[in-house]
Visitor: 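Before anything else, here's the structure in question.
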2 protein chains.
Amino acid sequence: MAAERSGGGDPARTLALLWRDPPEPKPVGRKPKVSVDQIVNAAITVADREGLGAMSMARVAQELGVGTMSLYTHVPGKAELIDLMTDTVLQERELTPEGTWRERVKHYADRTRAVYQAHPWMRDVSMVRPPLGPGLMDGQEFLLAALADSGLEPRHVTVAHVAVEGFVHGAAASEVDDQQLAAATGESGDSWWGARQVFWDDYFDVERYPTMTTLWNAGAYEVGDSLADHVHSSFDYGLDKLLDGIEGGMR
Amino acid sequence: MAAERSGGGDPARTLALLWRDPPEPKPVGRKPKVSVDQIVNAAITVADREGLGAMSMARVAQELGVGTMSLYTHVPGKAELIDLMTDTVLQERELTPEGTWRERVKHYADRTRAVYQAHPWMRDVSMVRPPLGPGLMDGQEFLLAALADSGLEPRHVTVAHVAVEGFVHGAAASEVDDQQLAAATGESGDSWWGARQVFWDDYFDVERYPTMTTLWNAGAYEVGDSLADHVHSSFDYGLDKLLDGIEGGMR
DNA sequence: ATTGTTTCCGTATGACCTACGGAAATGGGG
DNA sequence: CCCCATTTCCGTAGGTCATACGGAAACAAT
């Protein structure tokens with residue numbers, strides 16, 4: 001299915017929820033059995049355990065011991081709930097502004113990666129029209145501040161920001177995809193590749209793919225560590241080179 | 001919903017389909033009304049027009065003028081159909097090996113971006129456990145060959161490959177997300193941001209976000225071109241810097 | 001106790017994927 | 001020409017999901 005994203009609901013309502021703008025006290029009427037925070041936390045719990053696909057309104061309601069439709073009193077719909085989940089986990093980053101601008105960018109990348117690791121369903125959330133809540137905004141401010149301290153001109157800061165943010169989220173998403181699939185299908189990444197051994201036996205053509213063959217023979221794929229570690233260090237390398245390039249471009 | 005990906009079906013069956021391994025001639029029996037190619041093309045047409053979310057088995061069957069269940073004779077299920085769609089559009093890249101290694105990497109990025117532009121639903125397809133078909137494999141070979149020609153050691157080629165591939169797919173996906181949303185919701189990116197004007201009025205805090213405020217006042221966001229163009233040039237910049245870094249790391 | 005307000009939630013609708021099993025088409029053997 | 005094994009087609013049905021609707025239930029003020 002398509003990636004989850006904000007519905008076309010009322011933006012003002014969604015923003016009020018994101019910033020926990022209390023909708024004005026209600027002195028009369030039945031007491032709420034659940035709160036927005038409880039719903040969001042329950043949804044995160046379910047998604048962490050069973051993936052975003054399993055995070056249905058019915059499943060979240062069950063988790064809380066209420067009827068499905070009760071949720072709609074507090075949250076406009078599923079799309080908005082995902083926005084709330086997203087901004088909530090982004091807040092877990094707790095970014096501390098220490099060290100050089102490079103160290104802070106890497107800190108940002110590490111913390112963001114940690115969020116994806118803890119909440120693999122983040123891979124399925126589009127970050128192009130993100131929920132404009134405190135979790136996202138604080139992160140943007142942190143990353144922009146780091147890049148601005150690098151000495152880049154203001155106009156280049158915004159450009160570099162898009163590139164770095166794209167790299168970080170893309171890398172974190174890629175890295176975590178593997179685990180998410182493992183959780184959803186009960187099949188690990190290694191076993192997935194193992195099951196596709198047939199490919200190398202039946203379809204791989206040495207003449208069609210000379211470079212891959214050469215690299216294989218040169219032992220380039222004989223990494224001692226696991227697939228996940230290899231991907232991880234590749235993205236560390238990539239971010240490093242990206243920052244090298246940005247730094248070098250100023251001189 | 002969660003990103004689409006391969007189901008747990010028989011890998012050998014899926015690989016045979018990807019490489020169009022004919023399942024042996026069937027001299028007897030009813031003549032097929034549709035072929036695998038027709039199904040894949042119809043599915044791509046539907047997804048291009050209405051998004052991956054609208055690409056239901058029923059919708060594809062309707063497009064072909066056959067019953068829904070007929071598709072299951074030729075294709076194991078929806079997940080495998082998406083694998084076939086993905087590899088098919090990746091084949092459209094037609095990568096031509098000309099120029100320096102850098103030019104070839106940028107060529108790869110451009111062609112891949114073009115695929116995402118033409119088929120925005122690609123954003124919703126996970127590329128971590130990709131369909132091992134000719135479209136994907138030819139691309140990997142091309143990119144690996146370019147990086148190998150750069151003079152990197154074999155072991156670094158594979159590391160750089162993951163980083164560049166991640167960046168390219170991530171960038172292409174980000175860039176296209178906007179259009180896909182516009183198509184799905186009938187709301188353009190600009191109008192989406194416009195509707196969230198409330199955010200700047202009601203929730204943006206100048207003291208909490210000093211860097212953003214400074215950058216705004218410095219005119220860093222006053223780009224003449226559209227949002228899409230800004231994102232596009234940001235990723236060009238990012239890839240350039242990434243390659244600068246890779247190149248510089250060799251010396 | 002009545003009334004206004006708010007929350008809770010059972011039911012129903014419509015969309016989706018796909019298992020099942022029978023109907024329909026096809027070509028070869030008698 | 002008829003029969004029948006083989007293959008494809010597809011109607012039906014069961015399971016899942018989001019969510020619109022409307023009434024029941026809880027609560028505070030009167």
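Model, not experiment: these values are computed from the prediction. Residue numbers begin at 1 in each chain, while the letters A, B, ... track the order of the sequences.
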Visitor: So Ser56(A), base contact, sugar-phosphate only, or nothing? Heavy-atom distance under 4.0 Å.
Guide: sugar-phosphate
Visitor: Round to the nearest Å and state the distance from Leu71(A) atom CG to dG10(C) atom P.
Guide: 12 Å
Visitor: Could you give the CZ-to-P distance, from Arg30(B) to dT7(D), as a whole number of Å?
Guide: 14 Å
Visitor: If you check the Ser70(A) side chain, which of dC8(C), dA19(C), dC17(C) turns out closest?
Guide: dC8(C)
Visitor: Are Glu141(A) and Arg208(B) within salt-bridge range, i.e. N to O under 4.0 Å?
Guide: no
Visitor: Could you tell me how the ring of Phe142(B) sits relative to the ring of Tyr108(B): parallel (under 30°), tilted (30 to 60°) or perpendicular (over 60°)?
Guide: parallel
Visitor: Let me know the distance between CD of Gln38(A) and P of dC8(C), rounded to the nearest Å.
Guide: 10 Å
Visitor: Choosing from dC8(C), dC17(C), dT19(D), which nucleotide comes nearest the side chain of Met69(A)?
Guide: dT19(D)
Visitor: How many whole angstroms separate atom CD1 of Ile82(A) from atom C1' of dC17(D)?
Guide: 13 Å
Visitor: Take the angle between the ring planes of Trp200(A) and Trp216(A) and call it parallel below 30°, perpendicular above 60°, tilted in between.
Guide: parallel
Visitor: Are OP1 or OP2 of dA26(D) and a side-chain N or O of Lys33(A) less than 4.0 angstrom apart?
Guide: no
Visitor: Would you indicate what Met57(A) reaches in the nucleic acid, counting non-hydrogen atoms under 4.0 angstrom: base, sugar-phosphate, or nothing?
Guide: sugar-phosphate
Visitor: Taking atom types as modelled and ignoring hydrogens, do the side chains of Glu92(B) and His119(B) form a donor-acceptor contact shorter than 3.5 angstrom?
Guide: yes
Visitor: Give the rounded distance in Å between these two atoms: OH of Tyr72(A) and P of dG22(D).
Guide: 17 Å
Visitor: Please determine, for the side chain of Val66(B), which listed nucleotide (dC10(D), dT11(C), dT6(C)) has the closest atom?
Guide: dC10(D)
Visitor: Describe the nucleic acid contact of Val34(B) in one word from base, sugar-phosphate, nothing, applying a heavy-atom distance below 4.0 Å.
Guide: sugar-phosphate
Visitor: Name the closest nucleotide to the Lys31(A) side chain, picking from dC8(C), dA28(D), dC9(D).
Guide: dA28(D)
Visitor: Please report the distance, rounded to the nearest Å, between CE in Met55(A) and C1' in dA18(D).
Guide: 11 Å
Visitor: If I take atom CD1 in residue Ile39(B) and atom C1' in nucleotide dT8(D), what distance separates them, rounded to the nearest angstrom?
Guide: 11 Å
Visitor: Taking 4.0 angstrom as the limit, do Asp138(A) and Arg93(A) come out as a salt bridge?
Guide: no
Visitor: If I take atom NZ in residue Lys78(A) and atom P in nucleotide dA20(D), what distance separates them, rounded to the nearest angstrom?
Guide: 14 Å
